[in-house]
Amino acid sequence: MVRSRLTHLAAGLALLWTCGLSLPARAESEVDLALVIAVDISFSMDTDEQALQREGFAQAFRSPQVHDAIRSGMLGKIAVTYMEWAGSPDQKVIVPWTILDNPESLMAFADKISSTPLRRAQRTSISSAIDFGVKLLEGSDIQAARQVIDVSGDGPNNQGRGVVQARDEALAKGITINGLPIMLRKPGYLDIPELDVYYKDCVIGGQGAFTVPVREREQFIEAIKTKILLEIANLMPERPPRINRVQSASPTNCLAGEMQWRDRWSN
C-alpha cells in the first residue's frame, strides 16, 4: 500500500514538473501575429529602390504607432522574420524569427534590417517566396492567432511553379498573404502594366487580405509603414486602392510573367 502511494505521488510530481516546464515555454511562444516579411531583391529593383525598401521596413518597426499597435493586441506581442527572395532557388532569411514585445526588441529588429548589406539576384519567383514563407511558419515553434506572409515585389512571377497554386496552398493552411506591388517605373519588356491588379488577382488572399501599391518614390517609406501597421492591427485600408476598377476589369492572366520569359528565350 505504501509503495503504491509513493508510486502515485512520484507520478504526480513528475506531471507537475513537466507542466511547470512546458506551460511557460508555450506561453513564451504565443503571439498575436506571426509575420513573414518577404522582400523582392531581383535585378529589376535598382539599388536606390532596395535601399528605400529596407529603410521603409526599418522605420516601420521604429514607429511609435507600430509599437502601440503591438501593445494593443490580446497578448501584446508579435513574431516577425525578414527574408529576401528573387528566383526560385534564391530565398534567404536576413533576420530570423524574433519576438517583438517592447521598444528595445523592435529597435534591435529594425537595426538588423538596416545594417545588412544589400544584394541583388536574378529572376522573380513569387511562388517560391510564398512556399518559403509557408515553411518558415510551419518550421517555427510559434503559436500565433494569425499567420501572414507580406510579399513585396516589382514584377510578376516568372520562374518556379504557378503563383496561384502556391497562393492557394498557403490559404488552405489558414495563412493570409498581403501584397506591396512596387510600380515606380514605366513597365518594360518583362513587366506588366497593372501590377497592383495582378497582385490582387494572383498573389494575395486569405482573411482580410489587401495590397498597398507604391507608385512614387516619395510614397515608398510611408506605404510600408502603413502596411505593417495595418497587418499588426488586423485592419484593412479605409479605401482599398482602385477597388472599383479592379472589380470591373477583365480576368488577369496570372501566367503573364512566365509567358513573357518563354517568349523571350524562344526568340
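Quantities reported herein were computed from a predicted structural model and do not represent experimental measurements.
- Contact record, Val212 with Pro181: O-CD, 3.8 Å, taken as the closest heavy-atom pair.
- Taking CD of Glu216 as the start and CE of Met183 as the end, the distance is 11.5 Å to the nearest 0.5 Å.
- Remark: the Gln53 side chain and the Ser152 side chain contain an N/O donor-acceptor pair separated by less than 3.5 Å.
- In this structure a side-chain-to-backbone donor-acceptor pair under 3.5 Å is present from Asn157 to Ser127.
- With no hydrogens or angles considered, no side-chain donor-acceptor pair links Ser128 and Asp131 at under 3.5 Å.
- Smallest separation of non-hydrogen atoms from Leu100 and Phe109: CD2-CB, 3.8 Å.
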| request: Apply side chain to side chain contact (heavy atoms under 4.5 Å, CB included) to the pair Thr98 and Val80, showing each step before the final yes or no. | output: CA-CA 5 Å; Thr98 306; Val80 187; 5.8 Å; no

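- Once rounded to the nearest 0.5 Å, the distance linking CD of Glu49 with OG of Ser44 reads 8.0 Å.
- The shortest distance between side-chain heavy atoms of Asn253 and Tyr198 does not fall below 4.5 Å.
- Side-chain N or O atoms of Gln159 include one that pairs as donor or acceptor with a backbone N or O of Ser88 at under 3.5 Å.
- By the 4.5 Å heavy-atom criterion applied to side chains, Thr211 and Leu180 are not counted as neighbours.
- Distance check: Tyr199 OH to Ile182 CD1 gives 7.0 Å after rounding to the nearest 0.5 Å.
- Hydrophobic cluster membership is shared by Val93 and Ile130, with clusters built from Ile, Leu, Val, Met, Phe, Trp and Tyr side chains linked at under 4.5 angstrom.
- Side-chain contact between Arg54 and Tyr82: present, with at least one pair of heavy atoms (C-beta onward) separated by less than 4.5 Å.
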| Check against side chain to side chain contact (heavy atoms under 4.5 Å, CB included), Val203 and Val163 | CA-CA 7 Å; Val203 178; Val163 65; 4.2 Å; yes

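- Counting heavy atoms from C-beta on, the side chains of Asp90 and Trp85 never come closer than 4.5 Å.
- For the pair Arg146 (side chain) and Ile175 (backbone), a donor-acceptor distance under 3.5 Å is absent.
- Asp150 has its side chain out of reach of Val36: every pair of non-hydrogen atoms, C-beta onward, lies at least 4.5 Å apart.
- Gln147 places no side-chain N or O within donor-acceptor distance of the main-chain N or O of Thr176, the cut-off being under 3.5 Å.
- A heavy-atom distance below 4.5 Å is not found between the side chains of Leu229 and Ser63.
- Ion pair Lys77/Asp32 not flagged as a salt bridge, since none of the NZ, NE, NH1 or NH2 atoms sits closer than 4.0 Å to an Asp/Glu carboxylate oxygen.
- With contacts defined as side-chain heavy-atom distances shorter than 4.5 Å, the pair Ile37/Phe61 qualifies.
- Ile232 and Met107 are members of different hydrophobic clusters when ILVMFWY side chains are connected at heavy-atom separations under 4.5 Å.
- The backbone N or O of Ala58 lies less than 3.5 Å from no partner atom in the side chain of Ser114, so there is not a single donor-acceptor pair.
- With rounding to the nearest 0.5 Å, the separation of CG in Asp101 from NE2 in His67 is 11.5 Å.
- By the criterion of side-chain heavy atoms lying less than 4.5 angstrom apart, applied directly or through intervening Ile, Leu, Val, Met, Phe, Trp or Tyr residues, Leu118 is not grouped with Met83; the two fall into different hydrophobic clusters.
- In the hydrophobic clustering of ILVMFWY residues, with side-chain heavy atoms under 4.5 Å counting as a link, Ile41 and Ile149 come out apart.
- When all heavy atoms of Ala86 and Ala121 are compared, the pair lying nearest together is CB-CB, 3.5 Å.
- Between atom CG of residue Asp40 and atom CD1 of residue Ile126 there is a gap of 7.5 Å, rounded to the nearest 0.5 Å.
- Between Ala170 and Ile177 the shortest heavy-atom distance is CB-CD1, 4.0 Å.
- Between Lys225 and the choices Arg62, Gln65, Gln59, the side chain to side chain contact (heavy atoms under 4.5 Å, CB included) rule is met once, by Gln59.
- Applying side chain to side chain contact (heavy atoms under 4.5 Å, CB included) to Leu184 and the options Asp154, Val214, Asp48 leaves one that passes, Val214.
- When hydrophobic clusters are built by joining Ile, Leu, Val, Met, Phe, Trp and Tyr residues whose side-chain heavy atoms come closer than 4.5 Å, directly or via intermediates, Leu75 is not grouped with Leu33.
- Using a cutoff of 4.0 Å between basic side-chain nitrogens and carboxylate oxygens, Glu169 and Lys173 are not scored as salt-bridged.
- Panel note: side chain Arg120, backbone Thr47; no donor-acceptor pair is recorded below 3.5 Å.
- Between Ile94 and Ile113, the closest side-chain pair of non-hydrogen atoms is not below 4.5 Å.
- Electrostatic pairing of Asp46 and Arg217 counts as a salt bridge here, judged by a charged N lying under 4.0 Å from a carboxylate O.
- The nearest pair of heavy atoms linking Asn178 to Gly208 is OD1-O, 4.1 Å.
- Remark: Gln50 CD to Phe43 CZ distance equals 9.0 Å, nearest 0.5 Å.
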